Amino acid sequence: MNKIADNYIQRVKEKYPHQPEFLQTVSEVLTSVEPVLEAHPEYLEAGVVERLVEPERAISFRVPWVDDQGRVQVNTGYRFEFNSALGPYKGGLRFSPTVYPGILKFLGFEQIFKNSLTGLPIGGGKGGADFDPSEKSDGEIMRFCQAFMQALYSHIGPNTDVPAGDLGVGGREIGYLFGMYKKLTRRYEGVLTGKPLTTGGLQGRSEATGYGVAWFLREMLKHNGEDLKGKTVVVSGYGNVTWGTIKKLNELGAKVITISNHAGYVLDESGVSGEKEDYLLQLRASGHRSCRPYAEKYPEARYVEGRKPWEVPAEIYIPCATQNEITLDDARHMVANGCRYLCEGANMPTTNEAIAYLQEHGVIIGPAKAANAGGVACSCIEMGQDSGHTFYKAEDVYRQLEDIMINIHRLAAEASARYGLGYNLVAGANIAGFERVAEAMMAQGIV
Ligand code: 2IT
C-alpha cells in the first residue's frame, strides 16, 4: 500500500531500533504523506525524506549541579536541532526523568511540521534533560537551569535556535535559563520564549497552547455545523495546557468534568470552572505531583484512583497530559461511551493503533501538531516582539492566535480534501505541514 513510505520507515527502524517514540511519529507522518511523495518524485531524488528524519545537529552535554545537601549531581542535557528550512530551530525543553534521545527526537520531528503549519518562519527543534524537577527546592531548580545553560548557550541565539518550555519547564525555569544566558553572553535578546512578563515575555503566551486547542476544536465542530455550547468534555492533565484549554472551553460554553494525573483522575460533574480554574494554577505552583487535592478542596468532586479519565462518557475528549496516554483499549472505551471528537492538546497522546480504531469508528481527530500549535505560534510572536524592542497587547496576541488556529484548521482540511481523503485532519495536517517544509528544502539545495 505505502510502498515509498514503508521503505523509509524500515530504514529508520533498522537504524534506531531503540527509539520507539521516534519511530511512531516517523511512521505516522510518512504514511500520511505517501500521496505527496508519489506526486513529487523530485522530492525523492533530492533526498528530502532522508534529510527530514535525520536531525541537522544533535548536541549532548553533561549537566553537573550541587543539591541542597551539598552533593554533586550529574544529568544529561540535549538539544536536537532538527530542521531549519523554514527558520531558526524552535521548540521546547523538557525536564523529565523519561527524557532520552528517542523522546526528544519524536518531539523534534513533530515540531518541524507543527511549526510549518503555523505559517510562521520557524524551523523545528527540541531539547531537555533527564532531570526530575519534582520535589526539588527553588535553589536546586535555579542551579540546575544555570548549569544547563552554561553548556547550551554557545549553540543557541535569537536567529539560530530559540528554546522554550515543555513538560517540567515553565516561566520560572525559563527565567533562570535566560538570566544565565544573559550573564554569559552579555546580550539581552529573544533567545528563549515563554519568558516571564518582566523579562521580555509575551502577554498571552501562558494560555496560548490551551486557547489554541479550544479554538481548533471549535473549528472542528463548526465544520460539522455544531458548536461547543452545552457540550460535555473530558480532559486529562492538570498543567499549563489543561488550564488554558479549560479556561477557553468555559468561555465558549462547554463543560469540562475531569482533570487527571499519572495515578488517577478527578471527576467533577459540576464542571471545572470559575475559581477552580485558578486553583489549577495554585496546585501546579505548589509542587504537588497529584491533582487529588482538588477533590479534597471541592466536595462535589471525587478522585478516582488508578484509572484514566477515558472511562468517563462524553462526546469530546482532549488529552493534555503526555505521549501515548490513549491506547487501543482506551479508544475502545471511548467509542463505547459515545466519543465523537478527539482533540489532542499533548504531543502524540494517542497511539497509532488507537488513532486507526477511532477513525474506523467515525471519530473526528484534531491531531496535536495542528491543535496544539498555538503555543509555538505565540512563541514566534514573542520572538518578533523581542527583536522589535517592544511589548504587544494581550488582545492583539489573542486575535492573531485565533486567526492562526482558524488558518491551520483550514490548511489541514484543504490538504486532506485535495488528496481525496475527505475530512481527515490527521492526514491533512501531516500533508500541509510536510509540503511547506519540502518546498523550502527544495529551494535551498542539498544542505
Ligand atoms: O510542544 C510545543 O510546541 C512546545 N512545547 C512549545 C514550543 C515553543 O517553542 O514554544
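We count ligands from 1, going down the list as the structure has it; atoms in each ligand are counted the same way. Note that the coordinates shown come from a computational prediction; the quantities given were computed from them, not determined experimentally.
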Checklist entry - Would S134 and D132 count as a side chain to side chain donor-acceptor pair (under 3.5 Å) if you check the C-alpha gap in whole Å, the side-chain angles of each, and the deciding distance to 0.1 Å? => result CA-CA 6 Å; S134 64; D132 185 356; 2.8 Å; yes
Checklist entry - Please walk me through it: do E315 and T232 pass side chain to side chain donor-acceptor pair (under 3.5 Å)? => result CA-CA 7 Å; E315 269 181 276; T232 298; over 6 Å; no
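Within the 4.0 Å heavy-atom criterion, neither part of V162 lies near ligand 1. With a heavy-atom cut-off of 4.0 Å, K126 touches ligand 1 through its side chain alone. No part of M383 comes within 4.0 Å of ligand 1, judged by heavy-atom distances.
If you number the atoms of ligand 1 from 1 as listed, the ones under 4.0 Å from a heavy atom of A164 come out as 8 (C), 9 (O), 10 (O). Per-residue contacts place N347 under 4.0 angstrom from the following atoms of ligand 1 (heavy atoms of the residue considered): 1 (O). Applying the 4.0 Å criterion to heavy atoms of G165 picks out, from ligand 1, the atoms 4 (C), 5 (N), 6 (C). Close approach of ligand 1 to Q111 (heavy-atom distance below 4.0 Å) involves ligand atoms 1 (O), 2 (C), 3 (O), 7 (C). Atom numbering of ligand 1 starts at 1 in the shown order; those under 4.0 Å from a heavy atom of K114 are 1 (O), 2 (C), 3 (O). Which parts of ligand 1 touch K90 is read off a 4.0 Å heavy-atom cut-off, strictly below it: atoms 8 (C), 9 (O).
Atom 6 (C) of ligand 1 has its closest protein heavy atom at R205 NH2, 3.7 Å. For atom 10 (O) of ligand 1, the closest non-hydrogen atom on the protein side is S379 OG, 2.5 Å. Summary of contacts: the protein heavy atom closest to atom 7 (C) of ligand 1 is G92 N, 3.6 Å.
For the pair N372 and ligand 1, the shortest N or O to N or O distance does not fall below 3.5 Å.
Counting only heavy atoms from C-beta outward, the side chains of S32 and L30 never approach each other to under 4.5 Å.
Residue contact annotation: R94 has no non-hydrogen atom under 4.0 Å from ligand 1.
The only member of F95, W65, Y78 that meets ring-ring contact (aromatic ring centres under 6.0 Å, His included) when paired with F148 is F95.
F82 CZ to K105 NZ: the interatomic distance, rounded to the nearest 0.5 Å, is 5.5 Å.
At distances below 3.5 Å, not a single donor-acceptor pair connects side-chain atoms of N83 with backbone N or O atoms of I112.
Counting heavy-atom neighbours within 6.0 Å of R187 CZ, excluding the residue itself, gives a total of 12 or less. The number of heavy atoms from other shown groups lying within 6.0 Å of CD (E135) does not exceed 12.
Residues in residues 82-96 take part in these salt bridge (charged side-chain N to carboxylate O under 4.0 Å, His left out) pairs, two or more places apart or across chains: R94-D166.
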